Every structure is written in C-alpha cells, then in structure tokens.
Amino acid sequence: MAPRYDFKKIEAKWRDFWREKGFFKPDLRDTQRKFYYLNMFPYPSGEMHVGHGRNYILGDAYCRYLIMRGYNVLNPMGYDAFGLPAENAAIERGVHPRDWTYRNIETFRRQFRLWGVEFDWDREIATCEPEYYKWNQWLFLQFYKRGLAYRKDAWVNWCPGCETVLANEQVVEGECERCGTPVTKKKLTQWFFKITAYAEELLNDLEKLEHWPERVKTMQRNWIGRSEGALIRFPLVDCDGVIEVFTTRPDTIYGATYMVLAPEHPLVDQITTPERRDEVRRYVERAIAESEIQRQRVDRPKTGVFTGAYAINPANGEKIPVWVADYVLMTYGTGAIMAVPAHDQRDFEFAKAYGLPIVPVVQPEDRELDGATMTEAYEEKKGVMVNSGPFTGLPAGPETIQKFIEHFEREGFGQRHVSYRLRDWLISRQRYWGTPIPIVYCEKCGTVPVPEDQLPVLLPEVEFLGKKGLAEIPAFYETQCPKCGGPAKRDTDTMDTFVDSSWYYLRYLSPHDDERIFDPELVNAWLPVDQYVGGVEHAILHLLYSRFVTKALRDMGLVNFDEPFARLFTQGMITHKAYRCVEHGWIHVKEVPEDETCPHCGKPLLTEVAKMSKSKKNVVPPDDIIERYGADAERLYTLFMGPPEKDIEWTEEGIRGAYRYVNRLWALVWDYQDVVRQAPDEPVRREALPPREKQLWRVLNEKIKAVTEDIEGFRFNTAISALMELTNELHDYIEHHKGERERLHGPLFKRAVEALILMVSPVTPFIAEELWRLVGHEDAVLEQRWPEPDPDALIVEEREIVIQINGKVRDRMTVPAPLSEDREQLEKLALERVQHRLDGKRVQRVIVVPGKLVNIVVE
RNA sequence: GCCGGGGUGGCGGAAUUGGCAGACGCGCGGGACUCAAAAUCCCGUGGCCGCAAGGCCGUGCGGGUUCGACUCCCGCCCCCGGCACCA
C-alpha cells in the first residue's frame, strides 16, 4: 500500500529547486533554439486569485514543455506598477502608493512561488521604478523630437470619478473603463502621441499576423475604422471662409440640401447671425454639457438649430442653410457634414424633423423615389444618377464615385481622402502615481524638453497627498529652464500607464541597462515575442499601443521588425458563482452554506456567475486551494477545466476531480516503483511483445503523439485527457495481469510509466519531480528529453471495420491490417457477416472505405 | 444595424480533407471495503420502447446535397464579444 500522497511535503521539497538549478535562465547569446514566451505582466492589485492562474499556469506549463524540447526559453515577469488603483487604495488606507504597490508585488511573488510558476527572476521589472520610467521619459522625448508627441488644445474625455482625462480607448460605452463613471468632455491642452500617423500601417499589417485570433484583429480593424471618400469645401455666403466636410458619398453632392456643424465646431461662433445667436448658444451649451452616453444614444430624436448662415454647394452653386446639430461629432472627419437626406438615414430624419428639402439623386431600378413621399433614405449605391448635372444618367457605383472625386479635384474644391476613426492617443493624466512628463514651460523659451542627461525627472518624495497631483507640489514644478536658466514650470501631468506597458517586452532583454532603453542587438535577436498570452480585454488598448510604439521605434532605427508579437493567445476568464441576499447584499462564497441560503437571515440567495471580484465577494484565492489540494491539483484543474481561450466557471467539484487524479497517479507509481526501477534498460521491440503488451505499447505511443500535438496547439484540456487515458490504460494493463508484478513486462512498463511522469510534469511539476526520483532517477525532470513516439509502435496490425446498412452502424468486424485495404475482400466479408439482416432485401450498392467502413445500401 | 465567435448528455467539454456522436472529467445510480461514515476501488450512466435480443430517436430550428452530415450548401432562431448618429 502506498503511503498517503503528502502534497504539502512534496511541494515544499521542490518549491525552490527549479529556481536554484537555474532552469529558467536562458543564455541570451544562444539564439539558435531561442523562444521568447511572454505573459502580459500583471497590475499588482492586492493579491492574485485562481483566475490569474489561468494565464501564468498555462505559460509555466508551456515553458516547461519547451525546455524539455530543448528550447532556450526566455520567460520573464514584471509588474505594471503605476496606476490609479494604487492611489485610491492608498487614499483609503493612508499609505503611500509606493508602499502599497511593493507590498502587493511581494504577495504576487509569494503566490507565483506557491504555484510553482517560475521565471527568470533576474529580469524582473516594475514600471514604477525610476530605472524603468526614466526610459518612458526618454521615449517621450524621442517622440517629441520626431513630432510623434505633441501638445494641443482639444475636447477630451474627462472622468469625474478618477478626476483625470482618458484616451478614447479607455472610454467604454460612454463610461470610464476603470470606474464606470459617465465620461464628460472638457477642453484642455494635453499631450498626444500621434498614433494616427500609423493608422494605415496598423490596419494593413494585421494581415501579417496570421497567428493572432481573428476576433482581436477584427476588433482592431473596427477600432481603426478606415473609410474612403473625399474632402469637399463649401464656400460660405456673406463671409469669408469655407466649411470643409468629409463624405464617403461624394456622388450624392447634388442632393446636399443643407449642412451641419458639430456643436463644438470652431466656425459656429463665427458664422452664426446675430438674430440666431442666443438660440444657437443655448443649444451648443446644452449639447456640450450632456454626457457622452446621452449624446451617443442612437435611438434619440434628432435635434439642431439653424445658424442663419448659408453656404454654396460647389457642385451646383445652390445656396444651402448651415445648421448645428449634435448628431454630428466634432471628433470624426472634419466635424461638419454635407447633409444628403435622400441618401442618408440620419440626414433624412433630421430633414423630416425640420422640414428641410429632400432631393433624390440616385434612382433605384425598381421604383421611383420622390423626396416628398419617401419614408426612409435610400442608401444603396445601386441605380442611376439623376438631377446631378453632367453626371446625370451614369450608373451609381464605385466608378461614378471616382468620377465625382476627379471632377472635384479638377475644379479645385475637393479631393480624395481617407478618414480614420482612430484618433491620437491622449497620454496626459492628472494623477500622481505615474511617469512625470519630461517637459518644462519657460516664459521666455516656451515648451522645453528636459535634456536627456537630466533624466529621470523623479516623482517627488512626498507624504502621500490624497487626491492631489503634482500640480499641488511647488517643490516639484518650480524649476529652471534648461535652455535659459530662468524660472520655469514643469508639466505637472503624468503619463498614461499604457505608455509603460507599450514597450516593456523590449526592456526584459536588458532590464538593468542604465545607458540605454534596451540593447538593440539582443532585442533584434530575440524579438518579436514568439508567443504572447493575455486577456482579451487588451485586444485594443495595450496591443494597439504596443504595435504603434514598435513601428515608431523601427522608424527611429532602434528595432528591425514591424510587429512586436508573432503569436498571440488570449485566454478566457475564470468565473465563479456570486451570491447575493436581498437584505444583506453580497455574501462571501466562503460563508455560503450548502443549501445556498443567507447565513444571516436564512433566506434563499440569488446567484449569478460572474468574473471574480472583491465587490461581488466571489474571489477564490489560490492560497486556500493550495492548502487543501496542493498546487499540482490546482494547476491540473486550471488547465483541464476547458479550452483555455474560453470563459469558464470554477467549481469545488472540479478541483476535487483533479485532486483525485493526482492521488491515483501517486498510488500507481508508488505501488509499482520497484518494477520500474528493476526493469532492464533495453529497447522495446513490438514484434516480440505478447498481444496485451502490444496494445499498451501502441497506446503509449499514440498518447505521446496526442499529448505533444495538443500542447503545441495550447489544447491542454485534451492533452490532460490523453494523459488520463494513458493512466487508465496502465491500470487496465496491471489489472490484466492481476497485479502480479513479475508478469508485467519490465522494459515496456518502465517506458510507459516514465513517459507518463515526464509528460505530466509541465502540468504537475511537483509530483512529477518526486515520482521521477521514486522510480530511481537522480537528475531533474527538466533535464530530460520530451518523449518521442516510436513510429513502429503506431503500426496497427488489426483494424476494426464498421459495417453500416443504409448509413447506420449495424455491426463491426476486426480484420488484419493489410486486408482492411482490400475493397473486394472487405465487401465480401461484410456481406457475409450481416447476411442475416439482409434477408430478402436487394443490395443496391456497397460503399467501401478502406481501413474504415463498409456501407451496404439496400432497397 | 455592421463585423467576429458560438449553440453537442444533468454539467465542463471530445470528435471536422464528410465515415463508430458523446473521449476525458464532474455529477448521479448500484456494488465492494467499514460497526458506520468519509476516503478509495469496481460496475453502470444521451433519450424512448423492450424481460431480453434488439429497435426507434438524437449535435439550436427548417430545407438541401450525399451511400453516409455535428462536419458541406441555402434560409432562419438564439447566445457571447466588438463597433455603432463614424458622415
């Protein structure tokens, strides 16, 4: 009888072993078999839960596998350590964000160790260290030099909850991505990174990323939002100037019956006639005050006001009124449109509401459009151009659109233009816990970049100030101009933390270099990252910014690749039931009794399956799981629970199932360790094996093949099920010989058990290391070679042939392998075999699929 | 509305150049061990009919192609994610 599987003792025994042996430290000079594996680095918030494990356990298992395959694996870890939650937590607890952050980092390190998740710890980085953020500042200065960082006065997203501005990417359905507060607009002077300069390339290069999930690429395509069309200038009547519009339908210009400016459009004030001024001002003020959510509701009625001004339609010389309406957005195109109500549903609704003329210029083939009776806009590009001057009679479509644009270009009032939804990346943040922007404002010299040799601009060492930023710390912002030495003021904003994470994967190659941002030689040798893994929530934000920064660095000559991440895998979330009592609110999962009633009042609890969060009190900490079932069981369950890209619910039953398997594995190897240890180390020859042994030999090699292929494809769930099948097969084999160990085939049994231990080791490294010693080895599992299938073992001597009648399985027969390829023989044998079922029925046809089946078609 | 992904037992999920649907695990039922329970082990487990042998039905719905469809085609429904007054 095996002694109890004492996971605590075993895991404690091996916990520091791999680190001490240096298995996770690559030799960076050896790039022959290099593999750069990377998990998205975490934000160190409190402590990790089992959901975080999805990411890191997967990565650790994959890297252990790669090491055994002989790869030189770089798998580093760090912390995205700047950010607002640190400030908020610090405000709540009265500790400095730095202390809170470092305490969390300490917890994360402890948890990684408990999990057996190993990295090259010499490369650990934290973005809040001056050693790191100095290079954020350096990067900013390089961007500034090249015009990729610029300051402008703009309407920006403002989160009243976080008291800071946000990038467009951080506004989700009108709300702050972080805190959910409805976002408002503010006009501020802020720093931007010119990501739009790379819009076209960011879009086109998505095609190169064949190993990225389709949905991430689609999301980025949508986000970039390319549309082709034209810019057209409409001269104003009675005053100088023009209104420039962007349109994707230049062919409908003859149907433009009015124009609309966004409420924030700078021309609004200039062109509004005195008698309309009050009304326009009221409308504009109200529109600007409204939140983005209210304004962006698709279903709300169109509103607007007439400015009193007119413009000339440059195509036909007609005078058309200029309106202001909030359905036109200042942030897209030029902030102004030509309105063609007959062919644009939004313009149509507006025209109907305000009695503006509707003039069709595209007539469909099957009906006659009439502006007076139309009930909706005709948006299709099919039919014939009408009412369109020299274009009348042309077929509607792309060719005609081109002709229109050429006409505009000849006449000089418009030109071809591509517009993007993507806007420049606003990087200023009015917060303390971030990278100071290395810019000084001098009354004499203006905007002056901090010289590179004066970096880093350090965050001031202050008692934490609560919800106040650098703007409240004179000791920080009062400075001298680097150019003239006169009194000057520092920029008091910090950078968006997405700047920190947009290049960290480059820093891992030389994390402590204080001469330069990274070592280009190493970076070019090791990048792009071979495999990047993280949550899909970064599909746009982090991944788009990183792609942009990589391209910018390439154009500076610092890197020689176009894309930072060759392969991307997005793992799903782990969810858990959350319980709520109508009276007592969220109830912690640990306090919920078996019958799912409230521990305070006994009422039945409401349940929902949700992402683990402190607020819903449904967080499962790994520490508890490891205490009760061990890290190996948690790792096994995490990888077995389902396909890693899918969201999945954590259950107590599931972890128990995994624990059972680890126990079974322990007992199996323990009980038969002597058979393995004493077996002669001789090759297994298939021909020499008795039938049951032949089967074990075949199954073993099939499973080696299956497990290997599954791990390569990140299908750990099916890899583990194959390992379980192999374990079951071994049990069955032992059972076949009634557990009499002298009847077991030593060399074969040894091969099978050892392959099982090695193949399970990426998933359950602790027990694997222990079992490996138990069967008589002195060196480490990570020093072993990954098992290879023996092609000879995969040869099948007999095949089972399915016999169908009319496509339904009716019988099966086992035939020698060579015979299974003989169509005529198979047909004959099958007919004989099912003769009794065919009585009297006429056989019409027989389909034979060699090696697989015979289908007899009757009547 | 547009784009992407998906829908298979009580549950998580396997299976695709069209060829045995439900691997593996959970749960459940039965048995062994035990004074008893837990743990463990063994057997069973898609539904319906049948004592059984066996039969019928079955991969969201409706059609189609095919000897044969979870898999391919056409038309729908539902769920998840992204974008959305983007001109």
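None of the values given here were measured: they were computed from a predicted structure. Naming convention: chains lettered A, B, ... in sequence-line order (proteins, then strands); numbering from 1 in each chain.
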B/A32 pairs with, by Watson-Crick or G-U criteria that keep both distances under 3.5 Å: B/U40
Partner nucleotide of B/G4 by Watson-Crick or wobble geometry (both distances under 3.5 Å): B/C80
Side chain of A/Arg810 (C-beta onward), nearest among B/G55, B/C24, B/G82: B/G55
Relative to A/Tyr327, does A/Lys302 satisfy both conditions: NZ or CZ under 6.0 angstrom from the six-membered ring centre, and within 45 degrees of the ring's axis? yes
Classify the side chain of A/Lys302 versus the base of B/C85 as yes if they form a donor-acceptor pair under 3.5 Å and no if they do not. yes
Without decimals, in angstroms, what is the distance between A/Arg660 CZ and B/A39 P? 8 Å
Using a cut-off of strictly less than 4.0 Å, decide whether A/Arg845 has a side-chain nitrogen or oxygen near OP1 or OP2 of B/C67. yes
side-chain contact (heavy atoms from CB on, under 4.5 Å) partner of A/Met338, chosen from A/Asn313, A/Thr257, A/Thr252: A/Thr252
Across all strands, who's sitting opposite B/U45 as a Watson-Crick or G-U wobble pair, both distances under 3.5 Å? B/G27
Taking pairing as Watson-Crick or G-U wobble with both contacts under 3.5 Å, can you name the mate of B/U71, or confirm there isn't one? none
Using 4.0 Å as the upper bound for N to carboxylate O, is an ion pair formed by A/Lys705 and A/Glu709? yes
Salt bridge between A/Glu652 and A/Arg628, side-chain N to carboxylate O under 4.0 Å? yes
N/O (side chain, A/Thr651) to phosphate O (OP1/OP2, B/G12) under 4.0 Å: no
A/Glu214 has a side chain; which of B/G82, B/G4, B/A87 sits nearest to it? B/G4
Need the pair for B/G18. Rule: Watson-Crick or G-U wobble, both distances under 3.5 Å, any strand; none if unpaired. none
